[in-house]
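Just so it is clear: chains get the letters A, B, ... in the order the sequence lines come, proteins before strands, and each one is counted from 1. Heavy-atom basis, side chains included; hydrogens, waters and symmetry copies ignored.
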Protein chains: 2
Amino acid sequence: MIKILVVDDEPQIARALRINLSAHGYEVATAPDGAQALRAAAAFVPDLVVLDLGLPDMDGTEVIAGLRGWTSAPILVLSGRAASAEKIAALDAGADDYVTKPFDIGELLARVRAATRRGSAGSDAPVTVIGSATVDLATREVVRDGEEVRLTKTEWQLLEVLLRNPGKLVGQRELLHRVWGPNYDRETNYLRQYMAQLRRKLEADPARPVHLLTEPGMGYRFRP
Amino acid sequence: MIKILVVDDEPQIARALRINLSAHGYEVATAPDGAQALRAAAAFVPDLVVLDLGLPDMDGTEVIAGLRGWTSAPILVLSGRAASAEKIAALDAGADDYVTKPFDIGELLARVRAATRRGSAGSDAPVTVIGSATVDLATREVVRDGEEVRLTKTEWQLLEVLLRNPGKLVGQRELLHRVWGPNYDRETNYLRQYMAQLRRKLEADPARPVHLLTEPGMGYRFRP
DNA sequence: GACACCTTTGACGCATTCTTGATGGCCGAC
DNA sequence: GTCGGCCATCAAGAATGCGTCAAAGGTGTC
């Protein structure tokens, strides 16, 4: 299910959005201010963020920057201000769309559809092959030599980040941030522990990995 | 260069858009109606389409459908009609954004940036060629004569600073500052050590570098 | 409450990398 | 011609980071 994080300090709007989005099959979480939004995003890992710019504690562009530091999920900005300068600042900070209040809920839903459609169409490769194993990120299933392989929640999260960036080096800080949250940036021993488990479950020779590679001092890389 | 196709039947608007987009470094083609737009898109293969919905010959959604049949380039719709139903129809037909006229040109440019940023995020290739080696800063990969070359963290940091300033002289103090931090401004021996390693790994003849050049007493320079 | 499973921590051997020192070549200054 | 500064190269010890094993909390289930 597509996960959406709604950030708005006005309870009525947040509630209305939650109801409408839920009714259309999205999984919704809400946050009332910038700090909680960043924390919720780290825990919830949304596929899209609906962000009200008029938050009490932080500037909207700061929240965008905080999100863009580790996620590329679409950000749809809501704002009462229609000034072009505001829109430009938000879009250039990393937002994907900008809607001025009052907004039509149908239009907002259409923009959400447009944003998620693009996000999932481009880089979604639901099934990945790692040696003799087949990983399906959509159904959360791993089959290896005909046998089903069980992965824990943490193992899935870690594997998913790597698989969604095929061939690309993913920094250890980024991995820790996206799997364990912002407060675990230094716990590289977690990475060692879980990478070893993934290799044991997926690689033909766990001691000599071919697809889940270590880049010492920097991070890890999935090579197709 | 990023290519944009502008589709508008009003010559003034088409001209204004062409001038503004060209001034910002885009390559622009224009088409005055739907039929020519589809033909121009096939020939021009744009990275983004700015599409006016009020075309004389075809309905806007038809044009969108015609484009979506074979390209996933972002489509940014312009329209004089602000009705939500229109917007929803266009977005669900495959458009990525919808701007109502009259529009602010700065905002349009920001939306163009946002759309192209997302599109190019996946396939952006900031690859640099050093002799027979190919350096990809995004994926942190170096391939030389078909073989993969491994660089350490420090080597990457040093190389990245040089590659991001192609042709430019980078002072030794700046290099030391950016790679090792503010307390190493005088340790020029580090630079010698690591420049030698980089040349050994990248240059055809490490003793006679062609791309990673020393400027005695000043710093180093990457020549493409 | 007992059990199984997952997560979190700690410790150790090992390989690689970083740091440091020493040597020799090139070039301009004197 | 000699000297001193700057650079390239080589060769160590020191430090860091990784993989692995093992075991202590935590959590949910039966």
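- Without hydrogens or angle criteria, Arg68(A) side chain to Ala73(A) main chain gives a donor-acceptor distance under 3.5 Å.
- For Trp156(A) and Tyr194(A), the ring centers are positioned 6.0 Å apart or more.
- One can place CD of Glu155(A) at 10 Å from C1' of dT7(C), the figure rounded to the nearest angstrom.
- Looking at Ile64(B), Leu5(B), Leu76(B) one by one, the single match for side-chain contact (heavy atoms from CB on, under 4.5 Å) with Leu51(B) turns out to be Ile64(B).
- Glu203(A) has its side chain within reach of Leu212(A): a pair of non-hydrogen atoms, C-beta onward, lies under 4.5 Å apart.
- Comparing dT20(D), dT9(C), dC6(C) by their closest approach to the side chain of Ala196(A) singles out dT20(D).
- Distances shown here put a side-chain N or O of Tyr194(A) below 4.0 Å from the OP1 or OP2 atom of dT7(C).
- Position along DNA chain D of the nearest nucleotide to Pro216(B) versus Pro216(A) favours Pro216(B) as the more 5'-ward residue.
- Using a 4.0 Å cut-off, some side-chain N or O of Tyr220(B) falls inside it from OP1 or OP2 of dA8(D).
- The side chain of Arg150(A) contributes an N or O atom lying less than 4.0 Å from OP1 or OP2 of dC6(C).
- The CD atom of Gln197(A) sits 12 Å away from the P atom of dC21(D) (whole-angstrom rounding).
- Applying the 4.0 Å criterion to OP1 and OP2 of dC6(C), one finds that Thr152(A) has every side-chain N and O outside that range.
- Backbone-only engagement by Thr154(B) is indicated by non-hydrogen atom pairs under 4.0 Å involving sugar-phosphate atoms exclusively.
- One donor-acceptor pair, N or O on each side, does fall under 3.5 Å between the base of dC10(D) and the side chain of Gln193(B).
- Atom pair Arg208(A):CZ and dT20(D):P shows a separation of 11 Å (rounding to whole Å applied).
- Between Thr214(A) and the phosphate of dG17(D), there is no side-chain N or O to OP1/OP2 separation shorter than 4.0 Å.
- When rounded to the nearest whole Å, the span between CE of Met195(A) and P of dT8(C) equals 17 Å.
- Note on Trp180(A): a side-chain N or O is less than 4.0 Å away from OP1 or OP2 of dT8(C).
- One atom, OH of Tyr190(A), and another, P of dC18(D), lie 16 Å apart when rounded to the nearest Å.
- Note: CD (Gln172(A)) to P (dT16(D)) measures 15 Å, nearest angstrom.
- Among dT9(C), dC7(D), dT7(C), the nucleotide with an atom closest to any side-chain atom of Arg192(B) is dC7(D).
- Following rounding to the nearest Å, Leu176(A) (CG) and dG17(D) (P) show an atom-to-atom distance of 13 Å.
- Here dG19(D) is the nucleotide among dC7(D), dT7(C), dG19(D) with the atom lying nearest to any side-chain atom of Arg199(A).
- Cation-pi check for Lys3(B) over Phe44(B) is met; the charged atom lies under 6.0 angstrom from the ring centroid and within 45 degrees of its normal.
- Between dT17(C), dC6(C), dT9(D), one nucleotide has an atom nearer to the side chain of Ala207(B) than all others, and that is dT9(D).
- Of the candidate nucleotides dT9(C), dT17(C), dT20(C), dT20(C) has the atom lying nearest to any side-chain atom of Asn189(B).
- The nearest whole Å value for the distance from the NZ atom in Lys153(A) to the P atom in dT8(C) is 10 Å.
- At a threshold of 4.0 Å, the pair Asp97(A)-Arg111(A) counts as salt-bridged, since one of the basic side-chain nitrogens sits closer than that to a carboxylate oxygen.
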